[in-house]
Amino acid sequence: MIMDPVYGYEAVNVEAQSRSLASLLSWTKRLISVRKSSKVFGRGSLTFIRPANRSVLVYVRQHENEVVLCVANLSRSAQAAEIDLAPWRGRVPFELLGRTNFPPIGDGAYLVTLGPYGFFWFLLREPDASTIEGPRIWAEFETLVVTDGWRSLLRGRSKSILERDVLPAFLASRRWYANRGRLATTHIVGAVPIVAADPDLGVALLETKDKRETANYLLPLTIKWTRFDPEQQDPSALAAVRQGPREGTLLDATADPSFISLLLENLRAGHTTEADRRRIEFAPTAAFAKDGPLAIQDVRAVDTEQSNTTVLVGTDYVVKLFRRLEPGLNPEIEVGHFLTETVAFSHAPPLLGTVELEENGARSAVAVVHGFVQNQGDAWTVTSAYLDRFVEEQRLLTAEAAGHSDEQAAYLRRMDQVGRRVAELQLALASRDDIAPFAPEPIAADDVGNWTEGVLQRAGRVLGDLARRRSELAENDRQLLDALLSYQDSLPARLGELLPETIDAMKIRHHGDFHLGQMLIVKDDISIIDFEGEPRRSIEDRRRKAPAARDVAGLIRSIDYSVTAALERALKSAPDEHHGKLARALEDWREHSVAAFMAAYRSSLSDTRLWPQSPEAADALLDFFLLEKAFYEIEYELAHRPDWLRVPLAGTWRILSRSEGGPQ
């Protein structure tokens, strides 16, 4: 019998192997689990592909429309192989063990690199139109004639072509354009140069109209004198341009290094540019370093779905451009000045400067610049990656572990940190009774009436839309809808119980669109970003004060989203063979995470004016704003992502059933 303390039976045994994801037993379980997830391994046809590198074995298993590509390195050294996958051109290789997408299969040979004795099992999936953006189709790319810089395109025949043929198609493909999917007319109402010395760079002001609304947008434009190539499918290109023998391209300049460089230079100098009775004012804060050259390098746009455009400049600056122009004091600017210059809140990026458009006495936010905060990603991305590992652990570790694993305990500590930082943010926002826009105020009966009426109107609208589209929903979603409809008549009374006319709490300035994606993980700390509020609300509405519970509710709903999204990813990769084990484990994780967040938040919220002292009143207030957020989410998902409807539907049902003492 082996008695060695490292390799002996007391250290190496089935129980220990079952508890370690890195053990041979867990690795074998993982292979078996992946193999059992598909019939192709047992019933599929076998076809060998012979790459030039004979050290790499390649074969394909196919069963009906399911195709698995197996690649194995038989050598003790790293190898690369070019594989002919022409029959599956356009498919996306999905690596089954790591559950990650590889680049789509193109026209040429597919290059795969492997470590010594390494292997891949790729499921060759059809591209999902809902998640993979197809190539942009250019119906006909217009050529515009330039006489004296890009401003010459904004008059005469070129302007007509831009308004009629170029801009509508371009705007319809932009994520930040609120009118996409609706027939709208577009007009160029003005232009302001960024700097007079550059005739090929400036900002165009657009007005769009449809049956619902009129909206104004800002579009930075630049001309690059390189011949336009439609095969390159540059997403920022609007049209080809010509000036005599010169050929070039008209581009959206948002992420152009020249545009960003000029914007930052103007900001540091505090310049103002004018044209046609319009002014763009650049106002730096004291936090903007005035000495030394600007470090303009590695300019890149953040590719996320949002109503604005964010550009990173190396590790120095974050530039957010507000695409839609809305008159009024944008909360991003107002709260940014307050946190940076008034209370010096250290857990949000410093505001370095603002850019605003002044027109006919009205001011609209154009851009804000913040300092870059070194981070490991936002909390949504970190949470999603953690939950994928958590799901894998639940599948593999059949032994019941006492308490939480080390990684679970570490995540709960992170939620504890989040709770403390959120409380500190709200304490900072409520700390200046002498500054009217930020002074806490009592909650009036009119506030209660407006909040309640807003929820009832939205609930009636979304439940009516859901009932009309019931046949389009999945079976599980229809069951949730039917459960929600059973509460429709009693909803006004239920909301009245949750939000009585007298509330033992103050209303304060708040974040307004708080969720996991609005926090950056900074080493072992948190940095809170993006104080613009919900872009679909008006500027005036976003600046209104509300109970601290509204932001808390937003974060709890975001945790709920992360859990449901993780479960959906897990069930797509492999079924839950233990009849709801994963759902139960994730629900348990959700409850522990919310509890850790709330415990730290309540213990850190030292201002008793911000939270009801009665536990019952506090729970009721939180449930009200959870319902407000959930109905907002249902409306959004129904319009943009019907596949995600289950998340807010389940959350709404959970809150309503809990408030009457039903199952949770």
Side-chain angles (χ1 to χ4, degrees), residues 21 95 98-103 131-133 175 255 297-320 332 345-350 368-393 405-422 424-425 511 513-532 551 554-570 573 586 589-590 593-594 596-597 600 644 647:
L21 290 176
E95 209 282 307
R99 299 190 180 94
T100 55
N101 284 323
F102 275 52
T131 58
I132 299 176
E133 187 176 347
R175 293 176 176 177
Q297 56 185 353
D298 190 20
V299 176
R300 60 203 186 278
V302 177
D303 188 20
T304 56
E305 183 176 350
Q306 53 186 347
S307 56
N308 304 303
T309 300
T310 300
V311 179
L312 305 181
V313 183
T315 57
D316 298 297
Y317 310 107
V318 180
V319 181
K320 178 194 277 190
E332 183 94 67
F345 182 69
S346 60
H347 300 292
V368 291
V369 179
H370 288 90
F372 183 87
V373 176
Q374 292 282 2
N375 64 87
Q376 290 96 340
D378 62 74
W380 172 268
T381 303
V382 171
T383 299
S384 298
Y386 163 72
L387 286 177
D388 288 342
R389 297 191 298 272
F390 176 82
V391 165
E392 186 177 0
E393 180 180 284
S405 68
D406 290 343
E407 192 169 10
Q408 285 177 273
Y411 192 88
L412 291 178
R413 288 195 296 272
R414 190 178 298 283
M415 294 307 298
D416 178 272
Q417 182 79 304
V418 169
R420 284 187 276 123
R421 295 296 179 242
V422 172
E424 291 167 3
L425 170 66
H511 186 284
D513 188 23
F514 197 51
H515 52 78
L516 288 169
Q518 307 288 39
M519 294 182 291
L520 301 178
I521 306 301
V522 183
K523 295 182 179 178
D524 294 325
D525 212 332
I526 303 295
S527 184
I528 301 172
I529 62 173
D530 197 357
F531 292 88
E532 179 190 358
D551 278 346
L555 185 62
I556 292 174
R557 292 293 310 130
S558 186
I559 293 173
D560 193 24
Y561 259 73
S562 70
V563 168
T564 307
L567 181 61
E568 291 296 321
R569 290 193 301 271
S573 62
L586 285 167
W589 177 88
R590 183 188 70 82
S593 296
V594 171
F597 163 72
W644 284 72
V647 185

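Keep in mind that the numbers below use all heavy atoms, side chains included, and drop hydrogens, waters and symmetry copies. It should be emphasised that the depicted structure is a prediction, and the values quoted were computed from it without experimental measurement.
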Exercise for review: Let me see the working for W589 and I559 under side chain to side chain contact (heavy atoms under 4.5 Å, CB included), right down to the final yes or no.
Suggested key: CA-CA 10 Å; W589 177 88; I559 293 173; 3.9 Å; yes
Residues passing the ring pair (Phe, Tyr, Trp, His ring centres under 6.0 Å) test with F372, sequence neighbours excluded, are none
For F345, the ring pair (Phe, Tyr, Trp, His ring centres under 6.0 Å) test, sequence neighbours excluded, returns H347
Would you mind reporting whether V522 and Q374 have side-chain heavy atoms less than 4.5 Å apart?
-> no
Output for pair (D560 CG, L586 CG), nearest 0.5 Å, gives 11.0 Å
Here the gap from R300 atom CZ to L312 atom CG, rounded to the nearest 0.5 Å, amounts to 4.5 Å
G419 and F597 have their tightest heavy-atom pair at CA-CD1, 3.4 Å
To the nearest 0.5 Å, atom OG1 of T383 lies from atom CE of M415 at 7.0 Å
> Is any NZ, NE, NH1 or NH2 atom of the basic residue among E424 and R421 found under 4.0 Å from an Asp or Glu carboxylate oxygen of the other?
Replying inline: yes
So CD of Q518 and CG of D530: to nearest 0.5 Å the spacing works out to 4.0 Å
Sorted by chain and number, sequence neighbours left out, ring pair (Phe, Tyr, Trp, His ring centres under 6.0 Å) with H515 holds for none
message = Pair V313, D298 - check side chain to side chain contact (heavy atoms under 4.5 Å, CB included), show working.
response = CA-CA 6 Å; V313 183; D298 190 20; over 6 Å; no
Shortest non-hydrogen pair, I528 vs P349, comes out as O-CD, 3.2 Å
* Asked: Can you find a pair of side-chain heavy atoms, one from L555 and one from M519, that are under 4.5 Å apart?
  -> yes
**Item:** Salt bridge present between R413 and D416 (N-O < 4.0 angstrom)
**Value:** no
Step-by-step side-chain hydrogen bond (donor to acceptor under 3.5 Å, both in side chains) determination, R414 to Q417 = CA-CA 5 Å; R414 190 178 298 283; Q417 182 79 304; over 6 Å; no
Note: A255 and V299 closest approach over all heavy atoms is O-CG1, 3.5 Å
Closest heavy-atom pair, W380 versus S558, reported as atoms and distance to 0.1 Å, is CZ3-O, 3.7 Å
Next item on the list: Answer with yes or no after comparing the ring centroid distance for F531 and H511 against a 6.0 Å cut-off, counting only values under it.
Entry: yes
With side chain to side chain contact (heavy atoms under 4.5 Å, CB included) as the criterion, how do V318 and V369 come out once you've worked through the C-alpha distance, each side chain's angles and the decisive distance to 0.1 Å? CA-CA 6 Å; V318 180; V369 179; over 6 Å; no
### Task
State, with a plain yes or no, whether a side-chain heavy atom of S384 is found less than 4.5 Å away from one of R569.
yes
Looking only at heavy atoms, the pair that brings V382 and Q376 closest together is CG2-O, 4.1 Å
Separation between CZ (R590) and CD1 (I556), nearest 0.5 Å, reads 9.0 Å
**Message:** Angle between ring planes, W644 versus Y561, binned at 30° and 60°: parallel, tilted or perpendicular?
**Reply:** parallel
Between the OG atom in S527 and the CG atom in N375, the distance rounded to the nearest 0.5 Å is 8.0 Å
Of all heavy-atom pairs linking L412 and A596, the shortest is O-CB, 4.0 Å
Worksheet item: Do D513 and E532 have side chains that get closer than 4.5 Å, going by heavy atoms?
Response: no
Test log, rule side chain to side chain contact (heavy atoms under 4.5 Å, CB included), inputs Y317 and V311: CA-CA 8 Å; Y317 310 107; V311 179; over 6 Å; no
